[in-house]
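Have a look at the structure below, then the notes.
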Number of protein chains: 2
Amino acid sequence: MTNQGEDILKNSALSVTASRKRILDIFLAADNALAHQDIETKCAEQYDRVTIYRTLQTFLEKGIIHNIPSTDNMVRYALCNEACITSGHHHDNHVHFKCDDCGKTVCLDDVNIPAVNLPKGYTMKEINMVVNGICKSCK
Amino acid sequence: MTNQGEDILKNSALSVTASRKRILDIFLAADNALAHQDIETKCAEQYDRVTIYRTLQTFLEKGIIHNIPSTDNMVRYALCNEACITSGHHHDNHVHFKCDDCGKTVCLDDVNIPAVNLPKGYTMKEINMVVNGICKSCK
DNA sequence: TTAAGAATGCAACTTTGTTGCAAAAGTATT
DNA sequence: AATACTTTTGCAACAAAGTTGCATTCTTAA
Ligand SMILES: [Mn+2]
Ligand SMILES: [Mn+2]
Ligand SMILES: [Zn+2]
Ligand SMILES: [Zn+2]
């Protein structure tokens, strides 16, 4: 009987602590991307706000989670797939969707970001695509 | 001798005030997208922080500026083209580029966001694409 | 078991964003 | 040009978000 969160931490060469396991479990149980605030709501009585900030930062750097840009000053985070975790850097080239109705942001893992041609002189490192609209639960 | 900012305000049925003209001038003079903070730096001694927040909000609603999502909790704003201003809603379907070196975010007005197919049940309202990398000034 | 290193909690602080309200400025009308 | 009406602004007070240093606690590996 092995714990999925614990495995992820070990594979990323991170020490296994209660707060990290808890935060990973929250992500593993979530069906949508989470803002710092969401996580705080779920475990503020257990763990300090600062710890949550630092944990998210660590997870980002290790390729355990990726962040999703937004115009509402609420960066959201979602678990990466195996490829990011094992390679230690990000391969998240899928589209994200934010529902204007329920407010949830989800990874559309099967929808790849289409290629785009930049003007001469620009070099692409990362690309993000976020679509707003109505999700399938809200339509 | 007519003032460009003043024209924009009148066309948007906004009253012409000193702070609005000043903030529009800042945008008109800028070659990159601006965060609230950038604007505050340029005119905090003249105008109150709250006024800047409210002005940006008003400009957004009127289709004078559009906002650009980010993962750094610094939403940036840029002037819209004529189409948004005259129609009163947004038609900004161009790609944005944020340089990892100089930190500047720019509108790539000539680069259209490519079409993307969403899974069944999702309806698209808006779409945003932000590319990170090295800009032509920094390469 | 222990020693070294890493992570956490706490406090204090800075920055960012919001709200209500009175004063000031802008607009339309006479 | 003066007026009345409406909108915008500045200020104050506040709430929320994010950062930093440091002492304590926890993890890990020897
Ligand atoms: Mn994702
Ligand atoms: Mn733009
Ligand atoms: Zn929804
Ligand atoms: Zn650059």
Side-chain angles (χ1 to χ4, degrees), chain A residues 2-3 5-26 33-62 64-65 67-77 88 103 105, chain B residues 2-3 5-26 33-62 64-65 67-77 88 103 105:
Chain A
T2 169
N3 179 283
E6 212 165 309
D7 289 348
I8 293 173
L9 292 171
K10 282 176 181 162
N11 288 337
S12 304
L14 289 174
S15 45
V16 178
T17 68
S19 53
R20 285 174 179 171
K21 277 197 287 185
R22 176 82 179 92
I23 293 174
L24 265 181
D25 280 346
I26 292 173
L34 302 171
H36 170 95
Q37 173 62 63
D38 298 322
I39 295 165
E40 203 175 310
T41 305
K42 289 184 205 291
C43 65
E45 69 298 332
Q46 305 180 68
Y47 303 109
D48 194 80
R49 234 157 44 83
V50 179
T51 300
I52 299 174
Y53 281 112
R54 294 197 269 224
T55 302
L56 290 173
Q57 191 53 44
T58 303
F59 285 1
L60 264 186
E61 285 161 5
K62 290 290 186 173
I64 295 173
I65 58 177
N67 53 12
I68 302 161
S70 80
T71 51
D72 64 359
N73 290 316
M74 297 257 292
V75 178
R76 288 163 181 85
Y77 304 86
T105 298
Chain B
T2 170
N3 180 284
E6 213 165 308
D7 290 347
I8 294 174
L9 292 171
K10 282 176 181 162
N11 288 337
S12 303
L14 289 174
S15 46
V16 178
T17 68
S19 53
R20 284 174 179 169
K21 278 197 288 184
R22 176 82 178 93
I23 293 173
L24 264 182
D25 281 346
I26 292 172
L34 302 171
H36 170 95
Q37 173 62 63
D38 298 322
I39 295 165
E40 203 175 312
T41 305
K42 287 185 206 292
C43 65
E45 70 297 333
Q46 305 180 70
Y47 303 108
D48 196 79
R49 232 156 46 81
V50 179
T51 300
I52 300 174
Y53 280 113
R54 295 196 270 224
T55 302
L56 290 172
Q57 191 52 46
T58 303
F59 286 1
L60 263 186
E61 285 161 4
K62 291 289 185 173
I64 296 173
I65 58 176
N67 54 13
I68 302 161
S70 79
T71 52
D72 64 0
N73 289 317
M74 297 257 291
V75 179
R76 289 164 182 86
Y77 304 87
T105 298

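Throughout, a chain's letter reflects where its sequence line sits, starting with A, and its residues are numbered from 1. In what follows, every heavy atom counts, from backbone to side chain, and hydrogens, waters and symmetry copies are set aside.
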Could you walk me through whether A:Asp48 and A:Ser19 pass the side-chain contact (heavy atoms from CB on, under 4.5 Å) test, one step at a time?
-> CA-CA 9 Å; A:Asp48 194 80; A:Ser19 53; over 6 Å; no
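Inter-axis angle, ends of the helix from C:dT1-D:dA30 to C:dT30-D:dA1, five pairs per end, rounded to 10 degrees: 40°.
For the atom pair CD (B:Glu40) and CG (B:Leu34), the distance works out to 13.0 Å, reported to the nearest 0.5 Å. Between atom CZ of residue B:Arg49 and atom CD of residue B:Gln37 there is a gap of 9.5 Å, rounded to the nearest 0.5 Å. Note: B:Thr71 OG1 to A:Arg76 CZ = 13.0 Å, rounded to the nearest 0.5 Å. With rounding to the nearest 0.5 angstrom, the CG atom of A:Asp38 is 6.0 Å from the OG1 atom of A:Thr41. Taking CD1 of A:Ile65 as the start and CG of A:Leu56 as the end, the distance is 5.0 Å to the nearest 0.5 Å. If you take CD1 on B:Ile68 and OG1 on B:Thr105, they are separated by 6.0 Å, rounding to the nearest 0.5 Å.
Taking all atoms of both residues into account, the shortest heavy-atom contact from A:His36 to A:Tyr77 is N-CE1, 4.2 Å. Nearest heavy atoms, A:Lys62 versus A:Ser12: NZ-O, 3.3 Å.
Note that the first and last nucleotides of DNA chain C, 5' to 3', having any atom under 4.0 angstrom from a heavy atom of chain B are C:dT16 to C:dT27.
For the pair A:Ile64/A:Leu14, a side-chain contact is recorded, criterion being any heavy-atom separation below 4.5 Å from C-beta on.
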Output one line per pair: protein atom, nucleotide atom from nucleotides 7-17 of chain D, and distance, for all N/O pairs under 3.5 Å.
unit_1 : atom_1 : unit_2  : atom_2 : d
D:dT8  : OP1    : B:Arg20 : NH1    : 3.1
D:dT8  : OP1    : B:Arg20 : NH2    : 2.7
D:dT8  : O5'    : B:Arg20 : NH2    : 3.3
D:dT9  : OP1    : B:Thr17 : OG1    : 2.8
D:dT9  : OP1    : B:Ser19 : OG     : 2.3
D:dG10 : OP2    : B:Asp48 : N      : 3.3
D:dG10 : OP2    : B:Thr51 : OG1    : 2.5
D:dG10 : N7     : B:Arg54 : NH2    : 3.0
D:dG10 : O6     : B:Arg54 : NH2    : 2.7
D:dA17 : OP2    : A:Gln37 : OE1    : 3.0

